[in-house]
Amino acid sequence: MRSNQMKAGVTRIPQRSLFKALGLTDEEIRRPMIGIVNAQNDIIPGHLHLNDIVEAVKAGVRIAGGTPFQFPSIGVCDGIAMGHEGMKYSLVSREHIADSVEIMAMAHPFDALVFVPNCDKIVPGMLMAALRLNIPSIFVSGGPMMPGYIGGKKLTVMSAFEAVGAVGSEKMAEDEIMRVEDYSCPGCGSCAGMFTANSMNCITEVIGLGLPGNGTIPAVHASRIRLAKEAGMKVMELLDKNIRPRDIVTMDALHNAFTADMALGCSSNTVLHLMAIAHCAGIKFDLEDVNEISKATPQLAKLSPAGPDCIVDLWQAGGLSALLKELDKYNLIHTNCMTVTGKTIGENIENARIMDPAVIRSRENAYSPDGGLAILWGNLAPDGAVVKKGAVLPEMMVHRGPAKVYNSEEECVEALMNREVVPGDVVVVRYEGPKGGPGMREMLTATSVIAGMGLDDKVALITDGRFSGATRGASIGHISPEAAAGGLIGIVEDGDIISIDIPNNKLELLVDEQTIAERKARFIPLEKPVPDGYLKRYRKMVTSANTGAVFED
């Protein structure tokens, strides 16, 4: 056992005495020691109930003959951090989470790990750690939040964000604003739509590191507690069979994850995180590969923000197993991939079926013949940009308009609220990339104001930053290279014509080559001041968005 490094033999008498200080018996010390990474805190609604999940995991570990040890992980609530300096710390927390888990699991050599995440950067950070450490591991998330309701209409956190724009354009009365504020987020769980947190929890299941149901069982349902107990028992089986994360996360498993991503229309952040996960698994996965998968995969579901359905509706419709079974009909997934069940994906989905064809459609009735995400290229994004095309209105799939340029999200939101942006514009928000922000902030406040003001069918937004999974509209992010790295987005001027052609994967600045060359010659990238500390170190070490914004090797 790996834990023998800290507990076996005469030389480990001091260590065993410390374990006994915890109240452990000799029998508990002799058993396999299982680390449980608990992301619980009191500020993230998705994490509010995670101690209950962890207690269920502990019960499962003990049932199967192991000794559980809980240790913490930090987490940032993207919704609360949105729209101010705090958002600079969201993406950067992903690397910190991965590092801190590695530190704990190496300093205390557990035999196996159970990861209990929820919410945006915690899930990918833990996935990265699992692949780095490569000891038997399983994930069980806290599950999705239920939607709120007003008069039978479903609400999510997106409803609250878009209310800001509605207020700015005087489209919503004060009493209605308060109802939206009170009922958009009714309780614990990761926000109810196919936003980044739920996208990543679903991908964890598809990629094989979470049990069936991990991505869709609601946080408040007793099935979530039972799933946690099963995860605690199952990790002991993974330990016994020595099944490790890198046995599960293969090139074929990543292909499955991106295929499900396209069929579901997940958050554009999944591209950023899956590239980073592939990097930690030692697998080279390019943006060109992502586009090829998108072209081959029909979009079978449209969940909030792209449509009215929420994660609970996907669960009731048969969950991810039913979706994968439908994709398998067309040979779009690799069914021989191993999973934490000890069985293959094909075996896991053998008895699955679609319970509600209005939520999970067939290929013949798909929302789109290709996937919900697309990668764009052109002189503005020679290394790629990402758009959640499944949430773009048809009239904005092809758009050409004059640029309105801002060097921060705050400048952009102020201009929007002052009604400086008009129909037809292409809003450009730069110096918000991994280095430029630093931290690659999400632009949910800006895109929500655009949607709330009723401009999402008339205005596009492009940025070297990124978007929340709750963003909808012609919102193109991850532009690489970013402005701070000398990217062409840094020399765009007000009034320049920008061409967006999502069906043909094009993003172009329509300025003649001589003018571009002259601007480049005098271009000095802006360097925003940052306080001493983590952000300054992060800026020095982080790579481009097209590589997953991982640290330099």
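Nothing fancy with the numbering, it's 1 onward along the sequence. Just so it is clear, the values below take in all heavy atoms, side chains as well, and ignore hydrogens, waters and symmetry mates.
Contact check for M453 versus V421: no side-chain heavy atoms found under the 4.5 Å cut-off. I97 places a side-chain heavy atom less than 4.5 Å from the side chain of I74. Looking at L91 and L272, their side chains come closer than 4.5 Å, going by heavy atoms from C-beta outward. In this structure the side chain of R441 never reaches within 4.5 angstrom of the side chain of M82, judged on heavy atoms. Side chains of M262 and K389 form no contact here, defined as non-hydrogen atoms less than 4.5 Å apart. Within the 4.5 Å cutoff, the side chain of E205 has no heavy atoms near those of the T339 side chain. Counting only heavy atoms from C-beta outward, the side chains of L274 and V290 never approach each other to under 4.5 Å. Within the 4.5 Å cutoff, side-chain heavy atoms of L416 are placed close to those of I450.
Sparse packing is recorded around NZ of K229, with 12 or fewer heavy atoms of other residues, nucleotides or ligands lying under 6.0 Å away. Within 6.0 Å of the CD1 atom in I63, the count of heavy atoms belonging to other residues, nucleotides or ligands exceeds 12. By the 6.0 Å contact criterion, CD on E350 is open, its count of non-hydrogen atoms from other residues, nucleotides or ligands being 12 or less.
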Inset, instruction - Applying side chain to side chain contact (heavy atoms under 4.5 Å, CB included), run through S499 and K506 and close with a yes or a no. - result: CA-CA 8 Å; S499 173; K506 292 289 185 183; over 6 Å; no

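Note that CD1 of I44 is 11.0 Å distant from OG of S190, once rounded to the nearest 0.5 Å.
Y330 and E326 share a side-chain donor-acceptor pair at under 3.5 Å.
Residues K58 and E55 are paired through a salt bridge, judged by an N-O separation under 4.0 Å between the basic side chain and the carboxylate. With salt bridges taken as basic N to acidic carboxylate O contacts below 4.0 Å, one links K121 and D78.
Residue pairs meeting the salt bridge (charged side-chain N to carboxylate O under 4.0 Å, His left out) criterion with at least one member in residues 451-472, sequence neighbours excluded: E162-R472, E442-R466, D456-R472.
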